[in-house]
Amino acid sequence: MRKFYGIILISVVFISHNIIGQTFTNVGPQMGLSHMYLSGFNGGGLSFVDYNSDGYDDLFLSSSFGRSIVVEKNNVTGFINVTQSFNFTEVFESKTTLCSDYDNDGDQDILIVHFLGFLKLYRNNGGTYHDVTASSGLSTDSLNATAAMWFDYNRDGWLDLYVGVYTGFGNNLPKPNKLYKNLGNGNFQDVSVSSNTQNSGNKVLALAVIDYNNDFWPDIYVASDRRYGNSLLKNNANGTFSDVSQQSGAYLEMDAMGLAVGDYDNNGYFDIYISNGEEGNAFLKNNGNGTFSDVAGQLNMSVNRICWGNNFFDYDNDGDIDLYIAVSGGPSDRNNVLFRNNNNGTFTKMTGIGLENDNFQSYGCAIGDVDNNGYIDIACMNTGDPVSLFRSSGGSNKWLKIKLQGTYSNRDGVGSVIEVWRNGTNFKRPVLCGQSYCSQNSLIQTIGVGSVSVIDSVVVYWPSGIRQGVTGINTNQTITIVEAGVIGINNNNSQIPDKFKLAQNYPNPFNPSTVIEYSVPKSTYITIKLYDILGNEISVLESSYKNPGNYFVSLSSNITSRLASGVYYYKLTSADFTDTKKMILIK
Amino acid sequence: MKKVNNLSFILTLCVLTLCAAFVFFGCSDDKVVTTTQSASPTTSTYDSRYAVEWMWLTSKIVADQSRDNPPQAGRIYSYACIAIYQCVVPGMPLNRSLRGQLNGMPQMPAAYLTSEYDWPSVLTGAMPVMLRGLFRTLYNPSNVMINNIYDRQKQERLALKDAAIIDRSIQYGEDVANRLLEWVDNDGFNEIQGLPYVPPPRTLNPANWEPVNPGDTAVEPYWGTLRTYALPGADYDEVPPSFGFDSTVNSPFYNDEYEVYQIRANATQEQKDIALFWRDKQLTPQPPGHWVSILNQIVLRDNIKLDRAAECYAYLGIAIGDAFIAAWYTKYKFNYLRPQTYIRDYIQEGWTPFLPTPPFPDYPSGHSTSSGACSYVLTHLLGTVAFTDTTHLRIGMSPRSFNSFYEAAVECSNSRIYGGIHYRNACENGVIMGENIGQTIVNRIRLKFF
């Protein structure tokens, strides 16, 4: 009995350490963040994305009238304002900035949504940015746009753009949202009407992608201010959408100002949290049958203050998603709120972890990992006070950071769902580009797994339809998963191939990285080695015992950077099978 | 011309008589400058830009912070409006101080006859003190805005007049504000903070109000105990009880509630627009601020001079303050249920209104009471004025136009029916009660000596 109490005590201490030990500190001032939103229509949002692929999440900050957006480059110890290098020309009030690789050329392009101005699309051409708004076919009219998001609604491998519009400025004429189809040649086509996504006449402040029915086709949730009614637009998988707001129970008349999408109860269906004013936020639990139920009151998560951006993320890396909400005002105080997921369908409002007394008029909020410590940090856009950056102290739970690289799908893997298996259970996380209130989270997914040191498997459901598994992954590291497999075939480890196979690498020719897929029909020891044209062994890419399954191995720049252009060979060897294929490296 | 000369003679005679009376009665804050020999230009020689700026800032802080509920916001506006009048009334020879008229108001600091005061600068000095005293919490951006306006106005005045005059004026404004804040502190507001309240349950009486939404707590159940401004008591202009609670089909009570139910089902876009326009919820100046905003717009549009504008702000502030105290007193006295409760129980289960039901009793409508009072006093001072209300342009709502203050008040009142949160009797009687309050204010508070 004494031993039993001891175990309980140790457990309590351990849990307390995880809950109480982790704190947040606003390091915005000490890291040089001074930009603030001034007056305007509501506040602005921000993007917390590594735009220059140096491995660190940077900040794109919206601005009130008279100033362009501000870009703060993260150099680990602080932020450097590098706005001037972009030559942004617009000084209209901006709301949303999104970084995405819309042209799949491997670098981040920039979209800026100006509320009382124009959309602006800057294409990144090797580190220089060119305004391609007009030539790309995007609207050059002032739209009164607020939120925007990139997603691949037709799953053709190219990111499309959806823009939310706020009706009521200038006149009361209903204004439509815009869906721009990416034609893949640098041009966009306005398909708002033909796709039935106009959602006309609403006062849109937030947008989100949610595959609410798990059919792998991205659906749209539109949050509307001033009780104009939220909308759920179901993707019909044929280029059109249907408004299913009423029958799904997702129609809510509120002052919706921010959205978060995640599977809070790990039942395999994505739920939606919707911020509101004093009358209370909504929390639409996905019932798994095409309908939703509002459980905000039941879970004591109404907040009843003026709430804006919100994000689901696993702040303590325990394997379930918590919820952060930015607050601009309301009775008693205007501290932002963090709800910790109790992993039993309920949440606890956290106090005493450094998030009190922020007292800022916060609007957009986004998550990233400013110091790459595997614990998510929170950035908030404030009006009248500098942007705040709440850095997490970290904790003892394990984590995995995943960067997706699409090949058939869009380059950043936006629209993918990452399914993580540990201890025989799984949870899933969506990869989105545009969420919260006018904001964008890091494109590197930080996933907490509790005390697990080795993750059983990670399965990526790419927008292309490819289902790709990676097994036995050590935690506390960052990995890149490059899309591999055959479109239309569920390519995972649970399907046992009937013969050995060494596939042609792709892309090929390549620079700097490529992927080699192979199949193993029975348990055996295999090697994959890389040779030059003279037959000299250059590297061992794989050397391990494999169970039956489909696998891939990446040849990355840490090897190819020291190789010259030319022809190389890769060879799979097992006791029963040998095959060799040729690849071409072009520098 | 002869008529004008006669009028001037009469006015001068009256002023001199009054001055003599003040000397006799020793009313220091009124007597000193109410003479034609003042060293200061009269208030009427100035425009009202600074007054509007401060009242605009007050409403912006209310909207940005969204911390104060409608009665609390009303209290802030009331005292801020009264401060504007008290700051500049020494420069208005024909006007009376509110001291001795508003309940408990103390004697104001003296403005000296032989010293020149710059009345806009008095506002510059007073209003930061007032706002910092009235808002229980002022976040950093609000403080910055106050400082910015103060600095700019001071620089503008210094470019026009000697520093000694400006400094004296600012100091006088600060003195007036500090004296007013002593009065503010004694209105009973501090005493009711945090007082527990348990509403009587509907099991005692099916007509009783009950909270309907998660997180609801009764808003200001003790507001009716606060010191009134001009009214002798919170119940002075009380309306009669609404027709009795009745769940019988076709009873007057049922019919009013059924109308709410029907409008919810068949509301026109115009009715929805009206409901939203007057909702004045978060990120807006709140319902009392809407009327302050209307006055701000008209003062600027018609270039109303500072003396006249100060009179308008004074009456408006008193009307807002008394209307909220009286309405809240009556609400909790009668304690009528909201349509959401009635309709769910007797017409349609699970019914929800277009606007969320506020967490306090129905009868009478607070919007209606305050709008009735505001429209009465503004009409009394300015007459029938047509205007286009642009209060909500900044949040994307189109302006609405009215032929008179009364028309606006009636639309505001109806908006609560369109929103599904009041029944008609509560709105119509609310307007009547507000107008009665306005009339009482006009009768009891004399802004002019004659």
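These numbers were taken from a predicted model, which means no experiment stands behind them. Quick note on labels: first sequence line is chain A, next is B, and so on, each numbered from 1.
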Quick one: is the NZ or CZ of A:Arg67 closer than 6.0 Å to the six-membered ring centre of A:Tyr37, and within 45° of its axis?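 Verdict for A:Tyr37: no cation-pi partner in A:Arg67.
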
Determine which residues belonging to residues 323-332 of chain A lie within contact range of chain B, meaning some heavy atom pair is under 4.5 Å apart, and list them by number or answer 'none'.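 So far as heavy atoms go, A:Ser328, A:Gly329, A:Gly330, A:Pro331, A:Ser332 are the residues that approach chain B to under 4.5 Å.
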
Among A:Arg334, A:Met254, A:Arg305, A:Lys203, which has the most heavy-atom pairs under 4.5 Å with chain B?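 Ranked by contacts with chain B, first place is A:Arg334.
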
Return yes if some donor-acceptor pair links the side-chain N/O of A:Asp255 with the main-chain N/O of A:Arg226 below 3.5 Å, else return no.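 Indeed, once roles are kept as given, a pair shorter than 3.5 Å links the two residues.
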
Within the side chain of B:Tyr79, is there an N or O that forms a donor-acceptor pair under 3.5 Å with the backbone of B:Gly133?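 Such a contact is absent between B:Tyr79 side chain and B:Gly133 backbone.
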
Side-chain donor-acceptor contact under 3.5 Å, B:Gln286 with B:Asp68: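 B:Gln286 vs B:Asp68: no donor-acceptor pair found between side chains.
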
Polar side chain donor-acceptor pair, A:Thr348 to A:Asn342, under 3.5 angstrom: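 Indeed, the side chains of A:Thr348 and A:Asn342 share at least one donor-acceptor pair under 3.5 Å.
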
Contact class of [X] relative to chain B, heavy atoms under 4.5 angstrom:
X        : answer
A:Glu278 : both
A:Tyr228 : side chain
A:Asn300 : neither

Checking salt bridge (Lys or Arg N to Asp or Glu O under 4.0 Å) for the pair B:Glu53/B:Arg152: CA distance, chi angles, key distance, verdict? CA-CA 11 Å; B:Glu53 283 184 357; B:Arg152 178 178 50 74; 2.9 Å; yes

Give, as side chain, backbone, both or neither, the part of [X] having an atom under 4.5 angstrom from any heavy atom of chain A.
X        : value
B:Asp64  : both
B:Thr284 : side chain
B:Gln72  : neither

Leading residue by heavy atom contact count with chain A [cutoff under 4.5 Å; candidates [options]]:
options                                : answer
B:Thr137, B:Ile395, B:Leu276           : B:Ile395
B:Leu393, B:Thr352, B:Asn140, B:Asp273 : B:Asn140
B:His392, B:Met397, B:Lys281           : B:Lys281

Pairing of B:Arg202 and B:Asp345 as salt bridge, 4.0 angstrom limit: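 Answer for the salt bridge query: yes.
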
Output yes when B:Arg344 and B:Glu210 qualify as a salt bridge under the 4.0 Å nitrogen-oxygen rule, no when they do not.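 Looking at B:Glu210 together with B:Arg344, the answer is no, because their closest N to O distance does not fall below 4.0 Å.
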
Sub-4.5 Å side-chain heavy-atom contact between B:Arg394 and B:Lys60: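 In short, these two side chains touch, coming nearer than 4.5 Å.
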
So, do B:Pro356 and B:Arg279 sit near enough that their side-chain heavy atoms are less than 4.5 Å apart?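 A side-chain contact under 4.5 Å exists here.
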
Near-ring test B:Tyr342/B:Tyr423, centroid separation under 6.0 angstrom: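 Ring centroids of B:Tyr423 and B:Tyr342 are no less than 6.0 Å from each other.
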
